[in-house]
Amino acid sequence: MKLVDLHTHTTASDGTDSPALLMAKAAEAGLEAVAVTDHDTLSGLDEAADAGRKYGVELIRGCEISTATELGELHILGLWLPDNPVQLQEKLAFLRRKRAERNEGIVRKLQELGLDITMEEVLATATGESVGRPHIAEVLLRKGYAKNSREVFKEYLGCHGKAYLPKEVLEPEESVRLLADLGATVSLAHPMLWKGPSGWLDTQVARLKDCGLNAIEAWHSEHSEADVRACLSLAKRFDLGISGGSDYHGDNKPSICLGTGYGKLRVGVDVLESLRQRRMAAGLPV
Ligand code: AMP
Ligand code: ZN
Ligand code: FE
Ligand code: FE
């Protein structure tokens with residue numbers, strides 16, 4: 001069966017492949033379609049679309065928005081974004097400004113800890129407009145402050161790290177509504193990465209469905225087979241669609257391959273077609 005990948009990151013945010021290179025790799029891997037879903041930016045989508053046409057891979061225009069609940073983060077994917085979503089662009093610009101403030105705060109904390117790092121070095125590492133902790137990690141790694149990115153996050157940048165600062169994000173309801181109002185297909189990204197009390201996820205899904213949530217990301221590199229089954233059951237109970245993708249980040253997560261994740265991930269083209277059917281039934285463009 002032909003495969004697709006509906007969750008990927010490029011150099012527009014914290015991936016390491018340019019949008020064009022990612023689409024070239026998708027063609028090489030035999031993928032039928034790819035959703036580029038960078039964090040807080042749409043700036044990679046036009047390049048990905050051009051490359052997709054050149055290599056014969058369908059691009060689904062997307063993005064990923066981090067949101068916070070009282071019990072932790074939920075990530076929201078928007079798929080089939082329109083070409084020029086003004087309101088979304090404004091909100092993403094706000095989120096990028098908040099990222100910039102946070103990055104400056106993190107760099108200041110690192111400097112106070114005695115590390116030799118500047119914001120200029122971080123910005124020189126990022127080629128896209130959405131800058132985050134992986135870019136700071138890259139500078140620290142290059143300077144030998146840790147052996148690998150896992151260590152950098154454990155020591156400095158992760159939520160228990162010495163230079164950690166939280167990121168100001170949206171509420172999940174607001175993000176879902178924003179995307180749904182544009183006619184995007186809204187999917188709850190990797191829901192099983194959040195290990196909360198039983199029943200909590202159901203409550204969230206029920207609430208977000210009322211705001212326009214359309215789907216659950218069942219297949220994901222970090223989801224076990226049991227996680228996938230739990231997501232399929234969740235989607236069925238709430239009459240939601242199903243999406244799936246690797247969450248590919250290139251060399252920033254070197255063990256995760258485009259399309260196949262850690263090696264076993266398979267998202268069939270039927271998953272994409274089912275989402276498309278749901279859109280057609282709702283009168284949305286495909
Ligand atoms: P930010 O958006 O700036 O908060 O950074 C989040 C990104 O950092 C995630 O998408 C991951 O790519 C990366 N990340 C978060 N935690 C870790 C970790 N423990 N090890 C490696 N990368 C991480
Ligand atoms: Zn990322
Ligand atoms: Fe995510
Ligand atoms: Fe992601």
Side-chain angles (χ1 to χ4, degrees), residues 7-16 36-45 61-78 81 84-113 115 117-140 149 152-153 156-182 184 186-190 193-194 204 208 211-212 247 249 252-253:
H7 186 160
T8 70
H9 297 272
T10 74
T11 46
S13 66
D14 57 2
T16 58
V36 167
T37 53
D38 278 306
H39 305 277
D40 300 342
T41 179
L42 311 181
S43 63
L45 297 178
R61 298 172 73 90
C63 69
E64 180 173 21
I65 303 180
S66 308
T67 73
T69 70
E70 65 280 15
L71 289 178
E73 275 196 12
L74 284 178
H75 292 185
I76 310 290
L77 293 170
L81 299 177
N84 190 21
V86 178
Q87 275 175 316
L88 176 63
Q89 288 284 23
E90 282 170 8
K91 197 56 91 171
L92 297 182
F94 163 80
L95 292 172
R96 292 194 301 270
R97 282 197 298 278
K98 291 295 165 193
R99 276 180 174 276
E101 288 168 17
R102 177 214 202 190
N103 293 336
E104 281 158 19
I106 292 176
V107 167
R108 218 173 301 126
K109 281 185 120 177
L110 290 165
Q111 289 167 342
E112 281 160 17
L113 289 166
L115 278 70
I117 181 170
T118 65
M119 205 50 217
E120 287 67 37
E121 290 167 325
V122 174
L123 293 175
T125 304
T127 52
E129 63 178 16
S130 178
V131 184
R133 287 179 291 165
H135 302 106
I136 302 175
E138 198 179 322
V139 177
L140 294 178
S149 89
V152 180
F153 274 86
Y156 299 108
L157 304 178
C159 59
H160 303 294
K162 290 184 204 137
Y164 178 73
L165 281 178
K167 183 169 61 183
E168 187 171 328
V169 294
L170 303 182
E171 305 263 311
E173 287 83 355
E174 185 184 1
S175 306
V176 169
R177 261 194 221 106
L178 179 67
L179 293 166
D181 286 350
L182 292 169
V186 190
S187 185
L188 183 59
H190 46 67
L193 296 198
W194 196 86
Q204 295 295 316
L208 296 180
C211 304
D247 211 350
H249 279 73
N252 275 341
K253 291 186 182 172

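Predicted model only: the values in this text are computed from it and were never measured.
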Self-check item: Worked check of side-chain contact (heavy atoms from CB on, under 4.5 Å) between Tyr156 and Leu115
Solution: CA-CA 11 Å; Tyr156 299 108; Leu115 278 70; 3.8 Å; yes
Practice problem: Take His7 and His190 through the side-chain contact (heavy atoms from CB on, under 4.5 Å) test and state the conclusion after the steps. | Solution: CA-CA 10 Å; His7 186 160; His190 46 67; 4.0 Å; yes
Quiz item: Please walk me through it: do His9 and Asp247 pass side-chain contact (heavy atoms from CB on, under 4.5 Å)?
Solution: CA-CA 7 Å; His9 297 272; Asp247 211 350; 2.9 Å; yes
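For the pair Leu157 and Arg133, the tightest heavy-atom approach, listed with the atom from each and the gap, is O-NH1, 2.9 Å. The two atoms that bring Cys211 and Ala180 nearest to each other are O-CB, 3.9 Å, heavy atoms only. Across every non-hydrogen atom of Gly44 and Ala12, the tightest pair is N-CB, 3.7 Å. For the pair Leu179 and Cys63, the tightest heavy-atom approach, listed with the atom from each and the gap, is CD2-SG, 4.1 Å. Among all heavy-atom pairs drawn from Phe153 and Ala137, the shortest one is CE1-CB, 4.0 Å. Shortest non-hydrogen contact noted between Ala184 and Leu81 is CB-CD2, 3.8 Å.
Between Leu88 and Leu42, some side-chain heavy-atom pair lies under the 4.5 Å cut-off.
Side-chain atoms of Ser66 do not come within 3.5 Å of backbone N or O of His75 as any donor-acceptor pair. Checked by atom type and distance alone, the side chain of Arg96 pairs as donor or acceptor with a backbone atom of Asp40 at under 3.5 Å. Using a distance-only test at 3.5 Å, with no hydrogens or angles considered, no donor-acceptor pair links the side chain of His160 to the main chain of Gly158. Between the Asp14 side chain and the Asn252 main chain, no donor and acceptor come within less than 3.5 Å of each other. Distance alone, capped at 3.5 Å, is enough to place a donor-acceptor pair between the Lys109 side chain and the Tyr164 backbone. At least one donor-acceptor pair under 3.5 Å links the side chain of Asp38 to the backbone N or O of Thr10. In this structure a side-chain-to-backbone donor-acceptor pair under 3.5 Å is missing from Thr37 to Gly62. In terms of modelled atom types and a separation under 3.5 Å, the side chain of Gln111 and the main chain of Ile117 share a donor-acceptor contact. A donor-acceptor contact shorter than 3.5 Å links the side chain of Ser130 to the backbone of His39.
Within the model, atoms CZ of Arg102 and NZ of Lys98 stand 13.0 Å from one another, a figure rounded to the nearest 0.5 Å. Note that CG of Leu178 is 7.5 Å distant from CG of Leu92, once rounded to the nearest 0.5 Å. Once rounded to the nearest 0.5 Å, the distance linking CG of Leu110 with CZ of Arg108 reads 11.0 Å. One finds the OG atom of Ser13 at 7.5 Å from the CZ atom of Arg99 (value rounded to the nearest 0.5 Å). With rounding to the nearest 0.5 Å, the separation of CG in Leu208 from OG in Ser175 is 9.0 Å. Atom CD in Gln89 sits 10.0 Å away from atom CG in Leu182 (nearest 0.5 Å).
By the ring-ring contact (aromatic ring centres under 6.0 Å, His included) test, His135 pairs with no residue at all, sequence neighbours left out.
Partner of Val152 under the side chain to side chain contact (heavy atoms under 4.5 Å, CB included) criterion, chosen from Leu140, Val139, Ile136: Leu140.
A salt bridge does not link Glu174 to Arg177: none of the charged nitrogens lies less than 4.0 Å from a carboxylate oxygen.
In the model, Glu129 has a side-chain atom that pairs as donor or acceptor with a side-chain atom of Thr41 under 3.5 Å.
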